[in-house]
Structure formats: C-alpha cells, structure tokens
Number of protein chains: 2
Amino acid sequence: MDEQGAVAAIRAIHEVFMLTEAGATGPLAELGLTPATAQALWALEPDEEPPSMKTVANRLHCNAPNLSFVADQLATRGLVQRVPDPRDRRSRALILTEKGLQVRAQVMRTTVESSPLSALDPDDMATLLSILDKIVPTLDRLRDS
Amino acid sequence: MDEQGAVAAIRAIHEVFMLTEAGATGPLAELGLTPATAQALWALEPDEEPPSMKTVANRLHCNAPNLSFVADQLATRGLVQRVPDPRDRRSRALILTEKGLQVRAQVMRTTVESSPLSALDPDDMATLLSILDKIVPTLDRLRDS
DNA sequence: CTTAACAAGTTCGAGACTCGAAGCAAGTTG
DNA sequence: CAACTTGCTTCGAGTCTCGAACTTGTTAAG
C-alpha cells in the first residue's frame with residue numbers, strides 16, 4: 001500500500017477541485033446558478049438520450065429528494081423540463097431547454113477559465129486523463145441503478 | 001486552448017473527488033464527523049507550527065465566519081483547541097488535541113480506503129502527483145494571505 | 001384478476017453548510 | 001491620541017442534503 005502517495009494524491013485532487021469551484025462560484029452566481037445547480041447542468045449531456053431523475057441522481061451521487069430539489073431550481077429558471085417516460089409513467093426524464101443548452105455551455109466555459117487545469121500543456125493533460133480514466137467509471141456506467 | 005481536454009479533466013477530477021467523498025461520508029459519520037469537519041482536520045498538519053484561523057480558512061477556501069463555525073464543532077468534540085498567539089493577541093492558533101491527532105489519522109486512513117485513487121499503481125500515482133504539483137500551490141504558499 | 005411487493009418521484013421537516021453584515025478587541029499609522 | 005486596519009466572533013438568511021412518509025405506477029404470486 002502506498003498510503004503516502006494516496007494521501008498526497010487525495011489532497012492534490014481535493015485542492016484542484018476546490019480551486020476550480022472557488023474560482024467559478026462568483027461568475028456562476030452572476031448566471032443565477034449555485035454550485036449545486038451548475039453541477040447538475042454538467043451531468044446533462046445534450047447529445048445523449050435524456051436521463052431519468054434517478055440516473056442523474058446516481059451521477060451526482062445524491063439521493064432522490066435532493067435531485068428533486070435541484071431539478072426544481074433548474075426548472076424554475078427555465079433551464080430544464082421534466083418529461084414523462086411513455087414506457088414507464090413513474091419515470092421522468094430531464095431535458096435541457098434551449099436556454100438551458102446555452103447556459104450549460106456558458107457554465108462549462110466559465111469553469112474551464114476558472115480551473116487551474118487549463119494551465120496544463122496538452123501532453124500532461126492527456127497523461128492525466130489516461131490515468132484518471134483507469135479509476136473513474138465512464139458516464140455510460142452511471143446509468144440507472 | 002485545449003478546451004475539450006480541460007472539460008474532460010475537470011469532469012474526471014470532479015468525479016474522483018465525489019467518489020472519494022461519497023465513499024468516506026458514511027464511515028466518517030460513525031466517527032462523529034461531517035464532511036466539513038473532516039475536511040478541516042485534513043488541513044491541520046500535526047508536524048507544522050499551529051496555523052491561525054485565518055491560515056486555515058485560506059487553505060479551505062472559506063471565509064472567517066465559516067471557519068469559526070467549523071472550529072466550534074471540532075472544539076466541541078474535543079478535537080482541537082484555540083490557543084491565543086502571544087505575538088498578536090487577536091490571533092488564535094488551532095492545535096490538535098491528543099484525541100484530535102488520533103481521529104485525524106483515522107480520517108485519513110478511512111478516506112484512503114474509500115478513494116479510487118488507492119487503486120493506482122505506484123508509477124501512475126507518481127506521475128499523477130508530478131502533474132498536479134505543477135498547478136497546485138503547496139501548503140506553504142497557503143499561509144496567512 | 002387481485003393482492004402484495006416493489007420502484008420512481010415528490011413533499012416535508014430537520015440538520016448541516018456558507019456567507020454578508022455588524023460588532024469587538026487588538027494592532028498599526030500618523 | 002485618533003483614525004484605520006486586522007483577526008475573530010456572532011447573528012441571520014439562504015443553500016444544500018437527507019431520512020421518513022406519501023402518491024402513483026409497475027411487477028410478481030397466487
């Protein structure tokens with residue numbers, strides 16, 4: 001066990017995350033977004049089949065009541081819509097509205113600008129991604145349940 | 001600008017952080033710790049000179065009222081003590097108690113066990129750290145503003 | 001078919017987290 | 001000394017998260 005290395009890596013990852021979030025919080029607030037709502041927008045890929053509430057909750061590692069709360073905020077701001085799934089009328093898919101699409105793009109631009117990760121050169125960026133890919137489940141594996 | 005890569009890297013970092021936190025939250029709760037209090041313990045290095053409230057707030061990227069709140073919780077649980085700085089009697093240093101020292105060690109063990117980062121082999125771990133070190137200010141640079 | 005068990009979302013209430021504003025005591029400057 | 005600044009605290013409000021209970025819809029057993 002390389003416990004030393006793991007501790008250092010956890011600390012570094014944590015710091016990068018906090019720097020990114022701390023830097024982006026201000027600009028995102030001007031878009032009317034809180035950290036939680038911005039994070040939820042990240043989880044909604046425009047090109048994929050609209051995910052159910054449950055799928056999104058899994059992606060965000062939060063529970064159903066929490067996602068209901070966040071989805072309400074996004075819906076109130078006109079960024080998402082809940083559409084019933086015809087194959088299972090209990091389920092509702094979250095889809096981005098036209099405005100939601102634009103705001104999401106802005107969120108990602110703003111976050112990239114705020115993140116120290118943007119300072120990495122392409123080689124380091126590629127290496128970093130290849131390493132993290134080994135331990136991070138892909139989006140596909142974060143589907144329902 | 002490799003915006004694509006930056007987006008992917010931010011997403012991956014975010015996911016690793018959330019997996020680590022989600023995995024550790026349960027065990028930490030059994031130690032009587034919330035995410036915020038556990039995070040604060042990480043920022044208190046036993047081997048360094050006890051940092052002031054302000055220094056710790058900077059490290060956690062939070063403001064003074066927030067740190068007062070978290071420090072209260074740690075103090076109530078007997079994990080830290082506030083000791084006045086004789087050179088500036090406005091300032092208070094946070095020091096770990098004996099119990100705080102032990103709990104902190106347990107927090108780090110638990111977090112390491114919960115983190116997917118522990119699955120990396122030593123080479124990848126070293127590479128990851130060398131890349132992140134390029135963009136993360138070291139602890140020393142996070143002293144009093 | 002009917003009943004029981006289960007699953008997706010929601011609502012509600014409580015606790016945790018974060019921050020701006022205001023205040024206090026101590027240090028600094030002129 | 002007076003004015004200003006700084007470290008910290010308190011207070012109040014808003015955000016975030018979750019367990020419990022409920023509604024609606026689906027599935028399984030008999």
Side-chain angles (χ1 to χ4, degrees), chain A residues 18 21-26 28-43 50-77 80-95 143-145, chain B residues 17-18 21-26 28-41 43 50-77 80-95 143-145:
Chain A
M18 286 198 300
E21 180 167 274
T25 297
L28 292 180
E30 292 178 6
L31 291 174
L33 294 174
T34 62
T37 47
Q39 183 193 17
L41 285 182
W42 272 86
S52 68
M53 300 280 288
K54 173 175 176 148
T55 297
V56 178
N58 286 339
R59 285 183 192 169
L60 299 177
H61 304 286
C62 72
N63 59 12
N66 192 0
L67 187 63
S68 269
F69 174 80
V70 174
D72 279 347
Q73 301 201 44
L74 290 173
T76 298
R77 284 163 180 70
V80 304
Q81 259 185 324
R82 283 185 246 234
V83 309
D85 181 342
R87 284 164 310 186
D88 184 343
R89 300 210 312 281
R90 293 170 302 179
S91 181
R92 294 152 177 259
L94 278 184
I95 62 171
R143 296 203 73 79
D144 319 85
S145 146
Chain B
F17 169 74
M18 287 197 299
E21 181 168 273
T25 297
L28 291 181
E30 293 178 7
L31 290 174
L33 294 174
T34 62
T37 46
Q39 183 192 17
L41 285 182
S52 69
M53 300 279 290
K54 174 175 178 152
T55 297
V56 178
N58 286 339
R59 286 184 192 167
L60 299 177
H61 304 284
C62 73
N63 59 10
N66 192 0
L67 187 63
S68 269
F69 174 81
V70 174
D72 279 347
Q73 302 202 42
L74 290 173
T76 297
R77 284 162 180 70
V80 304
Q81 256 184 326
R82 283 184 247 235
V83 307
D85 180 343
R87 286 163 308 187
D88 184 343
R89 301 210 312 276
R90 294 170 303 180
S91 181
R92 295 153 176 260
L94 278 184
I95 61 171
R143 298 203 71 79
D144 321 84
S145 109

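If you're wondering where the values come from, they're calculated on a predicted model, not measured in any experiment. Naming convention: chains lettered A, B, ... in sequence-line order (proteins, then strands); numbering from 1 in each chain.
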Starting from P on D:dC16, measure out to CD on B:E21 and report it in whole angstrom. 15 Å
Between D:dT5, D:dT9, C:dC6, which nucleotide has the shortest distance from any of its atoms to the side chain of B:R90? D:dT5
Can you name the closest pair of heavy atoms from B:V56 and B:A43 and give their distance? CG1-CB, 4.4 Å
Can you tell if the side chain of B:N66 reaches within under 4.5 Å of the side chain of B:N63, non-hydrogen atoms only? yes
Distance check needed: D:dT9 P versus B:D72 CG, whole Å only. 7 Å
Length of the line joining B:L74:CG and C:dC17:P, which is rounded to integer Å: 10 Å
note: B:R82, atom CZ; D:dG7, atom C1'; distance rounded to Å ~ 12 Å
Looking only at side-chain N and O atoms, does B:S91 come under 4.0 Å of OP1 or OP2 in D:dC8? yes
D:dC18, OP1 or OP2 - any side-chain N/O from A:N63 closer than 4.0 Å? yes
pair A:R82-A:L94: side-chain heavy atoms closer than 4.5 Å: yes
Separation of D:dT26 C1' from A:D85 CG (nearest whole Å): 12 Å
Please check the phosphate of C:dC17 (OP1 and OP2 only) for any side-chain N or O of B:T34 closer than 4.0 Å. yes
Applying a 4.0 Å non-hydrogen cut-off, can you work out what A:Q73 is touching in the nucleic acid: base, sugar-phosphate, or nothing? sugar-phosphate
Let me know, please, whether A:V70 or B:S68 comes out on the 5' side of the other along DNA chain D by nearest nucleotide. B:S68
Among C:dG9, C:dC19, D:dA20, which is the nearest nucleotide to the side chain of A:P65? D:dA20
How long is the line joining CG of B:L67 and C1' of D:dG7, in whole Å? 11 Å
Are A:Q39 and A:E21 packed together at the side-chain level, in the sense that at least one heavy-atom pair is separated by less than 4.5 angstrom? no
Rounded to the nearest 0.5 angstrom, the CG-CD distance for A:L33 and A:Q73 is 9.5 Å
Atom-pair distance (CE on B:M53; P on C:dA26), nearest Å: 17 Å
Look at the side-chain N and O atoms of A:R89 and state whether any lies under 4.0 Å from the OP1 or OP2 oxygen of C:dG9. no
What is the nucleic acid contact for B:A36, judged by heavy atoms within less than 4.0 Å: base, sugar-phosphate only, or nothing? sugar-phosphate
Could you tell me how far apart A:F69 (CZ) and C:dC12 (C1') are, to the nearest whole angstrom? 13 Å
B:N66 side chain near C:dC17 phosphate (N/O to OP1/OP2, under 4.0 Å): no
